[in-house]
Structures are given as structure tokens and as C-alpha cells.
Colleague: 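Right, I'll just put the structure down here and ask away after.
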Amino acid sequence: MTERRDHFIGGQYVPPTSGEYFVSTNPANQEALYEAARGTAEDVDRAVRSAQQAFDNPLWRDLSQTKRGHLLRRLGDLIGENAEELARMETLDNGKLLREMRGQMATLPEYYRYYAGLADKVEGRVIPTSDRRVLNYTMREPLGVVGAITPWNSPLTLTTSKLAPALCVGNTMVIKPSEYTSATVLRLAELVMEAGFPEGVVNAVTGFGPEAGQALVDHPGLAKISFTGSTATGSRIASTTAGRFIGSTLELGGKSPNIVFDDADVANAAMGVVAGIFAAAGQTCIAGSRVFAQRGVYDELLERVSNRAQSIVVGDPLAEDTELGPLAFGDQRDKVAGYVDLGRSEGARVLTGGEATDGGLGGFFYQPTVLVDVTNDMRVVREEIFGPVAAVMPFDTEDEVVALANDTDYGLAAGVWTTGLARAHRMADRLDAGTIWVNTYRAMSPMSPRQGFKSSGVGVEHGQETLNEYTRLKSVWINTSEDPVADPFVMRS
Ligand code: NDP
């Protein structure tokens, strides 16, 4: 029998009230990994109440900002000390390369250290109103219990983008991880306790989106929801939170353009295109899934990208030489296969790849795929596939590619490959996306804010700016005068 994992509520493991569990499997070989608790509205309610008690607990509420920073720093250190275990857990759960997950875990402590450093720098302002007898100042306060709903593609990294700033400013949290990746968030909750946070500050309820996730979204005790996932689910969450007048930070899908100009270093650009779409088997919101190549470099770029795509080593994500692992679960692999078939029926030509495989392991793999003869109006070019599928299109002029690149429902990121300094800045200005990379792709840092435009989301993650997402602003007016307060109905001349 596989090992059982319970919810983590109030500083300890708590079995689900329903007594039900579900099996999490390894997508590389379909072997059962563990059973996770199937959360219900009752479990969510228990977790939210625990988080509210922690929010009201003087041990947390009255902790100095500096000491909150110490706790965050300690949590970052613990993640670093346990990085190998966490990386393996995520690779088993979602099939991403162990090498990549090791890299993510090595970076995660930096997020906690960054927000630890900011914890005692969250300040208000003194406002010089026109009345000198009045002192007006602002304060930033924590919101309360924040609900975090996270996806399966980078479970701890995406949880950290929410947790570190939320704790930095004194909130408490209930996390609902994806049903496909429960393991590391539960382990993180243990490390939170080990770091010395009071019990109930961080809680995790596992289970299914429409059940545990929906119950969390609907819970009246939440002060905010922070969500990463599909645009469809994000839109539903936004409707609910708007109706309750609470905030939401939504990091949603993308269909990002990666644009290569004639004046680019084509070898570098080809590597950037390959990294943009085949890293993580394309299962990232920032995947550079629409590749635009200027006519003069189109053939060479295509040749370089398809050659590298064909040589990508597909297989066991735990193996050191593997370059592309499986998709995270069977339905996701079928979704990717369905989109490539749709592309074929729309008139696209598969230059490379285009087939599902079991990777020799009985898993949910899909070949690195390059589609050509595509146009910007085809569904494979408009909709997020979330798999290793690049659609490559030629263009002639800068104006033309700006129009094509911006002709999308999404606005998460964009890549530009050029040696022209003026063109780089022009493109950064003209592209309608929250992150622009020039001669690089997928660069990210806890220090650098990012925001999705259009259907890619609402609100900012990372950087100092995200702290505003987890605080509310209070304006305080103090009358410093000893003068009697004037009768409001006696008109002053
Ligand atoms: P979802 O948006 O459905 O899932 C993301 C998270 O939301 C998961 O924790 C999920 O739980 C939860 N969830 C699902 N339904 C609800 C609900 N009604 N109320 C509250 N929470 C809910 O994405 P999928 O995992 O289904 O992936 C579908 C597509 O979304 C992908 O193919 C990709 O295109 C996109 N996506 C984008 C991501 C990004 O980083 N921007 C990340 C993941 C997906 P559970 O997993 O248990 O269903």
C-alpha cells in the first residue's frame, strides 16, 4: 500500500473529514507514489479558521517586522538544506527534469531571503496636507487569511511567489496545491513549523480543484485569493472575489511571441527559441510558443531549431542526461496531442515531432514539435497548448511583427532577438506584454516584478511591488491643534 499524506492544518497533519484519499502517480511510468487527502469544504473551513486564529494570535500579529524577516530567512535556509529531497519529490510528481527542479530549489531560498530583507522596510508615508494642524500618515496592514491556489508545473516556486511576500507583511495562508503535486507543499508546511512560525500561519489542504479549490474560493473568511493556473479558472475566481469585494492576484496563461530579426545572432536566437518552448516540456506560462522569424533568417533558424528539437533526449526525468521529461499527467499529454492534430486539420505542417510516446517507460511523453505553414488566426497559434509545441511563422517588417505579436488574447511575456540597440528599445516599448526579454528568454528573479497583461492575469508577482497585493492601505488623520473644534454649521467668513 502507498504512503498516505494528510492535510497540514494548525501546525500538524490532520486526516480528511471524509476519510477519503486519492492516488498521485508518477507521469514518467504511471507508478503510484502516495495517497493524498481528498479535501472537502469542511477541511477547508477548518484550515481557514486555523489561519484566522493564527492571524489574531499575538505570537504572530505582534511579532516585529524584523523578527518576521528572521523567520523567513530561516525558512529559506531550511529549503536550501532540503533542496535535493524537494527536487526529487517534484520530479516524481510532475515529471520535470531533476536537473531543472534542483535548479529551482537552489533558487528558492533567495526568494525568502529577498522578502526577509524587505520585511522591516515596509513603511507608510507622512502626507503634507494643506492643513499644518493635521498630521496625516499612511500605514500598510496585512490583509488576513490569504488563499493560495497553485498549479502542477512548478509547485514550490509558484507557491513561494505568493507565500514569501504574504508572510513578509504578516498575513496567514491556506494553500490548495494542484491534485497532481501535493507532496512538496505539505513538506514545505513542515519546514515552516521547523523554521519557528507559529502554528496555523501556513496550512495546506490537498484535493481536487472543483472541490477543495472551489471551497477555498467560496470561503467567506478569506481576505484575498492568489492564484496561478488557467485563464478559465482564473476568470471564475475573479468573478467570485469581485462579488465579495476582496482582491485577487491572478497569474494566468500565455501565448508568448519569440521574435527573431534578420540582424540577430541566429545561433543564440535558436537556443533561445529552443529554451523558450522545449524547457519544462513547454509546461510554463511563459513558453515562447509563437516564434516569428524575419524572412532573411527564417530558413536558417528553422533548420537550427528543428535539428536541436530532433536531438533532444527524451526520457526518464531523474536521469542526468535527459533533456525532456513527460507531460505532468495523461490528460495534459492528450491535450497536447489533440492540439497538434487540430493544427494538422487547420493546415499546419509538422516539421519535427508530432507524436505521443511512452518514453520507453510507459509514461505520458510528447515529442518536441515544430509546426510550420501556420497563421496567426489558427487555434494552435491562438490557444495555450502548454506542451512542447512551437509554431514558427515568417515576417517581413518590424511593424508587421509588432501587429502579429500583439494580436493575441494574452500578454504575459515576449522575446526579441536583435543586435540593434534602437530596435531592442523600440520593441520593448511596442510589445503588449508584462515581461520583455531581449537576447535572452525565461530570465526571472524575486527582485523583478512581473505582471500579465490582458487575459494573462491581474496584479503583480515578485519585486517590492507585490507587497502592495498583500497589504491594505490605511490613512490616519491626527488633529495636532489644541484649538476648539469649530461648529460645522457656523460659516466662517
Ligand atoms: P487549472 O487552472 O484548472 O488548475 C490550477 C489550480 O486551480 C489547481 O490547483 C487546480 O486544482 C485548481 N482549480 C481547478 N478548478 C478550480 C476551481 N473551480 N476552483 C478553485 N480551484 C480550482 O489548470 P489545469 O491544471 O486544469 O491546467 C489546464 C491548463 O491551464 C493547462 O493546460 C495550461 O494551459 C493552463 N495552466 C497554466 C498555468 C500557468 O502557469 N499559468 C499552470 C497550470 C495550467 P486541481 O489541479 O486539483 O484541479
Side-chain angles (χ1 to χ4, degrees), residues 22-25 27 36-41 44 93-94 96 104 147-159 161-162 174-185 204-219 222 225-241 248-256 279-287 289 327-339 364 366 379-380 382-389 409-413 434-435 442 444 450-452 454-459 461:
F22 62 97
V23 178
S24 194
T25 53
R38 179 172 172 175
T40 57
V44 166
D93 248 350
N94 70 6
K96 281 173 87 169
Q104 284 196 11
I149 298 180
T150 51
W152 37 265
N153 50 338
S154 289
L156 269 200
T157 297
L158 298 174
T159 302
S161 301
K162 306 172 188 319
V174 176
I175 307 165
K176 206 302 279 179
S178 166
E179 71 197 63
Y180 301 105
T181 51
S182 308
T184 48
V185 168
V205 175
T206 57
F208 301 123
E211 208 170 16
Q214 190 66 50
L216 185 58
V217 173
D218 290 340
H219 199 290
L222 285 195
I225 296 263
S226 186
F227 169 81
T228 299
S230 66
T231 296
T233 305
S235 166
R236 280 202 298 275
I237 290 174
S239 305
T240 308
T241 53
S248 56
T249 301
L250 307 169
E251 208 267 274
L252 310 175
K255 196 74 191 178
S256 299
Q283 299 172 111
T284 70
C285 48
I286 52 176
S289 47
L327 280 309
F329 47 96
D331 284 352
Q332 188 63 26
R333 201 267 306 269
D334 296 345
K335 177 183 169 186
V336 173
Y339 265 113
F364 302 118
Y366 199 86
R379 279 185 60 199
V380 272
R382 300 205 75 79
E383 297 173 19
E384 185 176 46
I385 299 177
F386 226 62
V389 182
D409 293 337
Y410 296 106
L412 198 57
T435 296
R442 294 186 94 217
M444 208 173 297
R450 59 176 200 168
Q451 174 166 25
K454 303 193 276 187
S455 297
S456 290
V458 178
E461 292 213 298

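Just so you know, ligand 1 is whichever comes first in the structure, and atom 1 is the first atom listed for that ligand. Fair warning: this is a prediction, and the values are worked out from it, not measured in the lab. Side chains are part of it too, since the values below use all heavy atoms of this structure and drop only hydrogens, waters and symmetry mates.
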Colleague: Specify whether F22 and F208 have parallel, tilted or perpendicular ring planes, treating 30° as the upper limit for parallel and 60° as the lower limit for perpendicular.
Modeller: tilted

Colleague: So is there a nitrogen or oxygen of Y180 less than 3.5 Å from a nitrogen or oxygen in ligand 1?
Modeller: no

Colleague: Hey, looking at atom 39 (C) of ligand 1, which of S456, A328, C285 has the closest heavy atom?
Modeller: C285

Colleague: Going by the order shown, which atoms of ligand 1 are within less than 4.0 Å of some heavy atom of F208?
Modeller: 47 (O)

Colleague: Tell me which one of T228, I237, T233 gets a heavy atom nearest to atom 5 (C) of ligand 1.
Modeller: T228

Colleague: Of the choices G254, P177, G209, which has the non-hydrogen atom that lies closest to atom 13 (N) of ligand 1?
Modeller: G209

Colleague: Is L158 close to ligand 1, meaning an N/O of one under 3.5 Å from an N/O of the other?
Modeller: no

Colleague: Identify, by atom number and element, the atoms of ligand 1 in contact range of I149, meaning under 4.0 Å from any of its heavy atoms.
Modeller: 6 (C), 7 (O), 9 (O), 12 (C), 20 (C), 21 (N)

Colleague: Just let me know how T150 lines up against ligand 1, side chain, backbone, both or neither, with a heavy-atom cut-off below 4.0 Å.
Modeller: backbone

Colleague: Can you name the atoms of ligand 1, numbered from 1 with element, that are less than 4.0 Å from a heavy atom of Q332?
Modeller: 31 (C), 32 (O)

Colleague: Between C285 and S256, what is the shortest heavy-atom contact and its length?
Modeller: O-OG, 4.5 Å

Colleague: Quick one: salt bridge (Lys or Arg N to Asp or Glu O under 4.0 Å) partners of R236, sequence neighbours excluded?
Modeller: none

Colleague: Specify side chain, backbone, both or neither for Q283, according to which of its non-hydrogen atoms lie closer than 4.0 Å to ligand 1.
Modeller: neither

Colleague: Please state which part of N153 comes within less than 4.0 Å of ligand 1, counting heavy atoms only: side chain, backbone, both or neither.
Modeller: side chain

Colleague: Could you list which atoms of ligand 1 come closer than 4.0 Å to a heavy atom of K335?
Modeller: 29 (C), 31 (C), 32 (O), 33 (C), 34 (O)

Colleague: Using a strict 4.0 Å threshold on nitrogen-to-oxygen distance, state whether E461 and K162 make a salt bridge.
Modeller: yes

